[in-house]
Each structure stands twice: as structure tokens, then as C-alpha cells.
Amino acid sequence: MANRLLMLFAAILASAVAVSAQSPPESKSPVSLIAIKAGKLIDVDAGSILSKQIILIRGDKISAVGAGLTIPPDARIIDLSDMTVLPGLIDCHTHLADGSEDGNGDPLTYLKKSAAQIAFESVPNARAMLYSGFTTVRDVGAYRGLNEVAMRDAIARGDIEGPRMFVAGAYVTITNGAGALTGASPDVTLPFDLRYGEANSPWEVRQVIRKLAGDGVDLIKILSSGAVLEHGSNPNSQEFTLEELEAAVDEASHFGLRVASHAHSAQGIKNAINAGIASVEHASQIDDEGIALAKKRGTYLVMDIYDEECIQAAGKAGAIPPDFLAHDAELGQIQRDNFRKAVQAGVKLAFGTDAGVCPYGTSGKQFAFMVKYGMTPMQAIQAATSSAADLLGHSEALGSIRPGKIADIVAVSADPLSDVSVLENIPFVMKSGRIYVGSVALSHAQ
Ligand SMILES: [Zn+2]
């Protein structure tokens, strides 16, 4: 009985936490009623486009969608009759909580700033992300462990503006691995939050995940190959053993957490998929065996095929260390070619940009590249909406415009199915029923 009560209490607590992470600040005020007149609406679940739809929004949720719905007299009308409406976008690979972009690729930047400095510097990153149409992100790690947990909660409380965040909290990495802060002298002991996720055996992996779960993360980020933007790292290498990766997936599952694995190398990718992770990040050198394996296991690939543009441009300007640039030059085109192969093979793909590599607020530029390398515009939009929500495990609340889901809605003035690059500039952004961008829409409100 005591056990049952405890379990019940835990379940209530868990649901309260889940709700608090998603409740907008305005939910305390009286429930508002909004009716959006959508000229066109992209139904990402059906892969079709609908005309002349009415979307009714009560508080932070969508209550009804359809043609010819009666608009209640007390509803505030937002007229988007000349626009195309789609679900709020989701970027499944961001780093919003690592401070400003002035590090010039030097990881030791983090030793020159306090955690508080980095946190405050990160505030504009979150705002830029939301204002560019991304209403949800999966934030896959920060060098200052747990910074992104604090950022997620600050946004959920309404203290700062930003997308709804699902966060990894820290990088689970081998010593000197792709998620470690490298480059310091060996006799320097880093502060605990700069080496929070370091682990070197299955049991150390489990210990780190137990700590992260206790600190309230939403997913686990592990790194199973070397990295591009890391001193002394080789993206072709394999990091962690299969046994360690399996321990990560098993331990994470005890807390209901999914695992995302950074991997560039073919073997690092296959190890991660075989261990049962939910998504491979980057997946640059995935081979035919890896593609077949991902398809068989239903593993998502999150391939950041745009950011090469920013890395090479910064390299030309002398802002990236030569070793980072050499890693990237090898991998950029290989990753894009493999993205095309994965699309053709029908592997699950979710949208993720590694935001922070390119300036915050420019994630939308990746859509055109996803289409250039084999996706239809609809597939690219689905990757950033319904598929992304599926990867997050929150299809019930996010990823499409359906009754009962959270009112995350964006609109553009041209049809993105004809020209997906219109998603680079989004003039209407609503998150949880509240408008953040929308001078066009507001001028039409009655
Ligand atoms: Zn990343």
C-alpha cells in the first residue's frame, strides 16, 4: 500500500513537472479564445495542404480545426487568409546555453567566464530561436553542465523568451572525448560542471545518467565518435564500447529517457544504433550497412547538413582553428551525399542544425539544403514538425495542428511547398497560444 501510494505520488509529481515545463506564463490569466483564419494550412500528418481553415485556440491549446467552423462571438480573430499556416518548427539539435558566439572556437573560453555570465549571454540565443519560428528545441548539451536545464525552466516560467526546451544537461563522453573540454594543460583540474558527463566504463556511464536524471534532464546525449569542432579529436574514431553504449540506453530507460548519440564515424554510428539509441546526430559517414540498420531499427538520423556553410565561411575569415576546419572539409560533402542516400532508403530523419555553429535564428536555412539533397519540401517540413515530435516522444502534444495539441503555430506569406526557403523568414510565430512575432496578423485582429 505504502509502495502504491508512493508510486501514485511519484506519478502525480512527474505529470506536474511535465506540465510546468510546458505551461506558458499567460496560462495564469483568464483563458483566452482565438480564431485563426488560415488561407492555407499544411497538414503534416496527412502530407497535404488544406484551404480556408479555421483554427480555434483556447488558452494554450488548439480546440478545433476545420473548414466552415463557427467562430464564437467572444473570440479574437487573427486573419491569416493570405498566408500559409503550419505547425511551429522544431530543431532537434541545438546548443542554446553555451553563451555568446564570440569564443572563436576556443573551448577554454569557458574558463574565462563564470556560469552566470554564460547563462546571461545565452538569453538572446533562445529569443532568436523562437523569433525565427522554432517553438520547440531539443537542446543536446552544454559545456557548463546543467546550464540548459536552468534555461528550460526560466523559459517555462516566463522569465525569459525562448522555445520550449527538451534538454540533455551535459555531454556523456569519454575522457578527452568529443564532449570533453580539451586543450587545457594536464595539471589543470576543471570545475565539476565542465566535466560533469565524463565516464569511462559501463558503471560510470550509469552513474552519470543517474545524476543527470536526478537533475531533471529530458534526454541523454552521448558521444560515440570523435568530433569536428574539438582539439585532438578525430571524427573517424570510435568512442565508448558497445557495452558502454548499451549500458547508457538501459540506464536511461529506467528513467523514461531516450538517448541521442553524436557520431560521425561509420562504426560509431552502427554501435549507437545497435545499442538502441533513439537518434544518431550528424551521422556524417554512415555507410550502407548503417543505413540499413537505422531503417530496420527505426532509428532517427539528425543530420546538420547546412552548418558546413558557416564553418567554412568562418574559416575563411580566420575565426576557426585550422584543425577544426580540416575535420570539417573532409566531412561536409560526405554528409550531404549520405543524407541523400538516407532519404532515398526511407530512413527516419528529423530536422536538426547544431544551432550555435551557425548564428542563432538562421536554422531555417537548412530547409533548402534538405530539399537540394533529396527531400520534397513536405518531407523537410515533416522532419521539423511531426517527425521531430515523434523523436521527442511528444506527438500527443506537439508537431501538428490538431485539436488537443499545444497551439504552436507559424505562418508564411508564400507557399513553402513551392519554395521552402520562405521558412528562412517567418512573419508570424505563436507559441502556446501567445503571439511572439506577428505585426501582419496583429494589424488584422478585430
Ligand atoms: Zn551539437
Results of ring-ring contact (aromatic ring centres under 6.0 Å, His included) for Phe240 - residues two or more places apart only: none
Applying ring-ring contact (aromatic ring centres under 6.0 Å, His included), can you list everything that pairs with Phe369, at least two apart in sequence or on another chain? Tyr306
Is any side-chain heavy atom of [X] less than 4.5 Å from a side-chain heavy atom of [Y]?
X      : Y      : result
Arg152 : Phe166 : no
Phe339 : Leu349 : yes
Asn236 : Gln285 : yes
Pro87  : Thr135 : no
Ile57  : Ile55  : yes
Ile334 : Ser284 : no
Phe428 : Val437 : no
Leu301 : Asn338 : no

List the steps, then state whether salt bridge (charged side-chain N to carboxylate O under 4.0 Å, His left out) holds for Arg434 with Glu161. CA-CA 11 Å; Arg434 179 178 160 192; Glu161 290 182 335; 3.7 Å; yes
Output yes when a side-chain donor or acceptor of [X] lies under 3.5 Å from a complementary backbone atom of [Y], and no otherwise.
X      : Y      : result
Ser400 : Ser386 : no
Ser253 : Gly256 : no
Gln366 : Ser363 : no
Glu148 : Gly169 : yes
Gln344 : Lys341 : no
Arg195 : Leu181 : no
Thr385 : Ile381 : yes

Neighbour count >12 (heavy atoms, 6.0 Å) for atom [atom1], [X]:
X      : atom1 : result
Lys211 : NZ    : yes
Arg58  : CZ    : no
Phe120 : CZ    : no
Gln333 : CD    : yes
Asp159 : CG    : yes

How about Phe134 and Tyr360: are their ring centres within less than 6.0 Å of each other? no
Pair [X]-[Y], side-chain donor/acceptor within less than 3.5 Å:
X      : Y      : result
Ser224 : Ser261 : yes
Arg206 : Ser201 : no
Thr84  : Asp415 : no
Asp215 : Tyr196 : yes
Glu198 : Thr175 : yes

Apply side chain to side chain donor-acceptor pair (under 3.5 Å) to the pair Arg164 and Ser432, showing each step before the final yes or no. CA-CA 9 Å; Arg164 177 178 306 96; Ser432 294; 2.8 Å; yes
Distance in Å, [X] [atom1] paired with [Y] [atom2], rounded so as to fall on 0.5 Å steps:
X      : Y      : atom1 : atom2 : answer
Lys221 : Leu257 : NZ    : CG    : 15.0 Å
Asn425 : Lys365 : CG    : NZ    : 8.5 Å
Met129 : Thr362 : CE    : OG1   : 8.0 Å

Step-by-step ring-ring contact (aromatic ring centres under 6.0 Å, His included) determination, Tyr143 to Tyr171: CA-CA 7 Å; Tyr143 280 109; Tyr171 301 114; 5.3 Å; yes
Quick one: which residue pairs count as a salt bridge (charged side-chain N to carboxylate O under 4.0 Å, His left out) with a foot in [range], not counting sequence neighbours?
range            : result
residues 276-287 : Arg138-Glu281, Lys270-Asp287
residues 397-407 : Asp43-Arg402, Asp45-Arg402
residues 294-311 : Glu309-Arg336

Using the ring pair (Phe, Tyr, Trp, His ring centres under 6.0 Å) rule, collect all pairs that involve residues 267-289, keeping only residues at least two apart or in two chains. His93-His282, His262-His282, His264-His282
Please step through side-chain contact (heavy atoms from CB on, under 4.5 Å) for the pair Val167 and Leu219, ending with a clear verdict. CA-CA 6 Å; Val167 304; Leu219 69 141; 5.6 Å; no
Would you please test Ile401 and Leu41 for side-chain contact (heavy atoms from CB on, under 4.5 Å) and show each step? CA-CA 9 Å; Ile401 299 175; Leu41 187 151; 4.2 Å; yes
Is Lys431 salt-bridged to Asp408, cutoff N-O under 4.0 Å? no
